[in-house]
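Beneath this line is the structure, given in structure tokens, with notes to follow.
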Amino acid sequence: MEDVTNAAILILNFLFVPGLTYGCQLALGALGVTLVYGILRFSNFAHGETMSFGAMICILVMWWLQSLGVSIAPLPTVLLALPVGIAATVLACLLMDRWVYRFYRRQKSPPVTLLVASIGLMFLLHGGIRFAIGPDDRVVGDGARFIFNAREFRHATGLSEGLAFKTSQGITIVVTVLLVAALFWFLNRTRAGKSMRAFSDNEDLALLSGINPDRVVMITWVLTGILATIAGTLYGLDKSYKPFVFLQLLLPIFAAAIVGGLGNPLGAIAGGFVIAFSEVSITFAYRKFVAYLVPESWEPEGLLQLLSTDYKFAVSFVILVLVLLIRPTGIFRGKVI
Amino acid sequence: MSFLSGEHMTGGYGGGANILEDCTITVDRGEIAVVVGPNGAGKSTAMKAIFGMLDLREGCVRLDGEDITALSPQARVRKGMGFVPQTANVFTSMTVEENLEMGAFIRDDDISETMAQVFALFPILEEKRGQPAGELSGGQRQQVAIGRALMTRPQLLMLDEPTAGVSPIVMDELFDRII
Amino acid sequence: MKKQLMAFAAAAMIAMPVAAQDIKVGVILGYTGPIESLTKDMAAGAELAMKEVNASGGILNGRKIVPVRGDTTCTDAAAATATTERLITSDKISAIVGGDCSGVTTAMLKNVAMAKGIVMVSPSATSPALSTIPDNGLFFRTAPSDARQGQVLADVLKEKGVKKAALTYTNNDYGKGLAESIKANFTKIGGKITISAAHEDGKGDYSAEVAALAAAGGDILIVAGYLDQGGKGIIQASLDSGAFSTFALPDGMIGDSLPLAIGKDLDGSYGTVPGTDSPGGEKFKGLATKGGFKPGPFTAESYDAAALIMLAMQAAGSSESGKLKAKVMMVANAPGEKIYPGELAKGLKILKDGGDIDYVGASAVELVGAGESAGNYREILVKGGKITTARYR
Ligand SMILES: Nc1ncnc2c1ncn2[C@@H]1O[C@H](COP(=O)(O)OP(=O)(O)OP(=O)(O)O)[C@@H](O)[C@H]1O
Ligand SMILES: [Mg+2]
């Protein structure tokens, strides 16, 4: 029995908790992508860098707060910086729309033109960010590192497997739940939110109903800025902040949005968890897990790992291709790309 | 002076050929005007032109004497115009009730009374108020579409083939009520 | 024609004194990139030896040594090659202290130094592959091969009673070479490596890599990576998930920034880094502190690399790489008078007078094989959030 418990804790510690946290981060990222796609009808490749930008502002403000001695320990100081980060990122999004996207929108350019423009902005932002904060790894979390750590857990339970739960993981999960609840409340219960859904559903009819497209676009960027900043900051808090990483993150984020169904917020969340848990569970080595469950003599020699961790990003890519081949609208029937 | 007039309208889609050539439509207040023509004649196009969803190369549109040629569609809604397009005329992912709410988007006052009127007109909609419009039958959708347009209490209502797919009994009743 | 010749002669005469005076030596290290936190002090070490020689009146009848720095980036072979090319052709350096990381050092040697016939003395390239690479006798290193470090680290593990260990290495020449050597040596003395897995540098998240390492299990995790890069990420993720609590750290992981970044959880981890307790080491520390830099990893080797080049030039009576390359082994090894840091002037004088020296220097240099240090290692222990010396071996 104890072996079974150990096996379960092992999965919880190395697979479930990290997968859940990563899934939350991807879901928030994918929500931003999907909102922009639903309303503005293009794939915003600059979204990863928007996340990076928001996180960077939060870190800069955090440093300033730390230098003043401000602290909300055991919670990380960076949470205090979020409002400023969000404000700056929303502003950046609105300016990008004003200076770039609006022009192409007025030209009625095809989505691919906007997509290419967003790639340009992606590089611009990336360069600017590396210039501003440098390419290095930054530790974002301060305050208490763990809600409980593996050693304490082993001690308390007497099990041989430990379970760690980091403060950053707890914060990620709680903030994601709150944010997603707020977003869905906004989209389903408020007039502005409903007008966004209407615009996304049928643009012409939205115009015929008197919905002002400029306003819808503005609200979309505001929401995108909020989501991106929080997603980027949570990712940085949980791992560490490094500008380069956000280029890599773009693939799983898009995979999540597309797998869930582009333009469908519920899909983005489901997609985030599908991608996160696939990545983690396919690259997980099940040797120890199996060893707990089978008699000693059957203990496996190999690692029982389906795919080396080097190919983690390949997992999202394969899922993406499969979804596009089998069900192009995604799990929740988003728009066909 | 007619209430609505589209004068010498000339235009087409994007950079393509002219679909409308010097087309003039006038409607008086309280009048029911019907546009008839074979498929592809340009009926829908003319309606879109009147509603500002087509860039006119020549001509102008006047409402109650005011030149509205340069106004955007959503601005025309605020001037009291309503339009039910021929296709894609409901928000398929939104519930019937939300469709009606969106119809009343420009109104800041209490819309429950108007909604009650629409439900009285189309009782089936009240029954299906929580269902996504995309899951309704063609005729039911048409009712949602008209209901949505009525929600602004427009002074001018343009219907593009409103009878398509709707049972004649409902249709009769519909016209009775609208008029 | 005559006029032209005269002009040429005049020009040559104007140019001559400068050329005759100064000997330029490249100090080509990764001033940017994964080991940028080490290279500043390494360069200072090499330049300290040059300053010492210049202060004593230079070599070859008063010629001064001028260091010329160039960046290898540690990881980008093309950049390192271009830098070396530029320093040789436009700055006209006579010899090179460098490169630093094994991959770029190999590229510099193969692509430029061999073709131009320039001597390279690397203070920190430790890949075993460099022991057997064809080099026309131009390549030396004051750092030992990782094959040696693998042996020493395996011995340390055994003495600490480790029976099973998991191993992860940074996915490049340095990491692979070191990992192979650790595995071979540890297995030979009866230990078991449960897994030997590569990790990529520069990722945001290493929890998946750590999960695989944890599944394989082991008493300890050997991290053959870089302290500013994936190595740190692996350790952090291991501690966070409780997968491993003690780490064995080869040289690339030793630096003050690691315990600083990880905190007290790193206490109890141990490792090896090239170093010596020969009197030269202590003397060098004093000199370094006076010179205003930290005697950190590879600084002594850098000092020695520069010193060997200058001593060999004096012994050869020429600053040309083609001539001095034959004298490097001679000045480095017995027989002869032992020369310690701060005594370069004495060494130069003995050589000038036709005598023989055995350069011991800061890192107890003893060149073996094709001209690489036999190596002296410092076993370290992380204690109280600091890297402390356990013993020398
Ligand atoms: N979006 C469009 N882009 C380009 N051409 C179009 C577009 N919509 C319609 N047309 C063309 O304009 C012409 C008129 O079409 P319109 O829809 O106005 O016809 P209609 O009179 O409403 O016909 P129906 O009775 O079939 O509804 C047709 O030849 C059609 O091909
Ligand atoms: Mg038509």
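Naming convention: chains lettered A, B, ... in sequence-line order (proteins, then strands); numbering from 1 in each chain. Everything quoted here is computed from the prediction, not taken from an experiment.
Interface check for chain A: of the options B/Gly134, B/Gly103, B/Ala88, the most heavy-atom pairs under 4.5 Å are formed by B/Ala88. Options A/Asp204, A/Leu208, A/Asn188 differ in how many heavy-atom pairs under 4.5 Å they form with chain B, and the most are formed by A/Leu208. By number of non-hydrogen pairs under 4.5 angstrom with chain A, the leading residue of B/Glu101, B/Met151, B/Glu98, B/Met81 is B/Glu98.
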query: Stepwise, does the ring-ring contact (aromatic ring centres under 6.0 Å, His included) test hold for A/Tyr104 with A/Phe42?
result: CA-CA 11 Å; A/Tyr104 292 106; A/Phe42 72 95; 9.6 Å; no
message: Using the rule given for side chain to side chain donor-acceptor pair (under 3.5 Å), can you reason through B/Arg148 versus A/Ser209, listing the C-alpha separation, both sets of side-chain angles and the distance that settles it, and then say yes or no?
response: CA-CA 8 Å; B/Arg148 184 201 59 78; A/Ser209 305; 2.8 Å; yes
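Only the side chain of B/Met53 has a heavy atom closer than 4.5 Å to any heavy atom of chain A. Of the two parts of B/Phe105, the backbone and the side chain both hold a non-hydrogen atom closer than 4.5 Å to a non-hydrogen atom of chain A. Only the backbone of B/Ala104 has a heavy atom closer than 4.5 Å to any heavy atom of chain A. Contacts of B/Thr152 with chain A are absent, with no heavy-atom separation under 4.5 Å from either backbone or side chain.
There is no side-chain donor-acceptor pair under 3.5 Å between A/Gln107 and A/Ser109.
By the neighbour-count criterion of 12 heavy atoms within 6.0 Å, atom CZ of A/Phe123 is sparsely surrounded, having that number or fewer from other residues, nucleotides or ligands.
Of the charged side-chain nitrogens involved, none lies within less than 4.0 Å of a carboxylate oxygen, so that A/Asp214 and A/Arg105 do not count as a salt-bridged pair.
Screening B/Val61, B/Leu156, B/Ile50, B/Leu63 against B/Arg76 for a side-chain contact (heavy atoms from CB on, under 4.5 Å) leaves a single residue, B/Val61.
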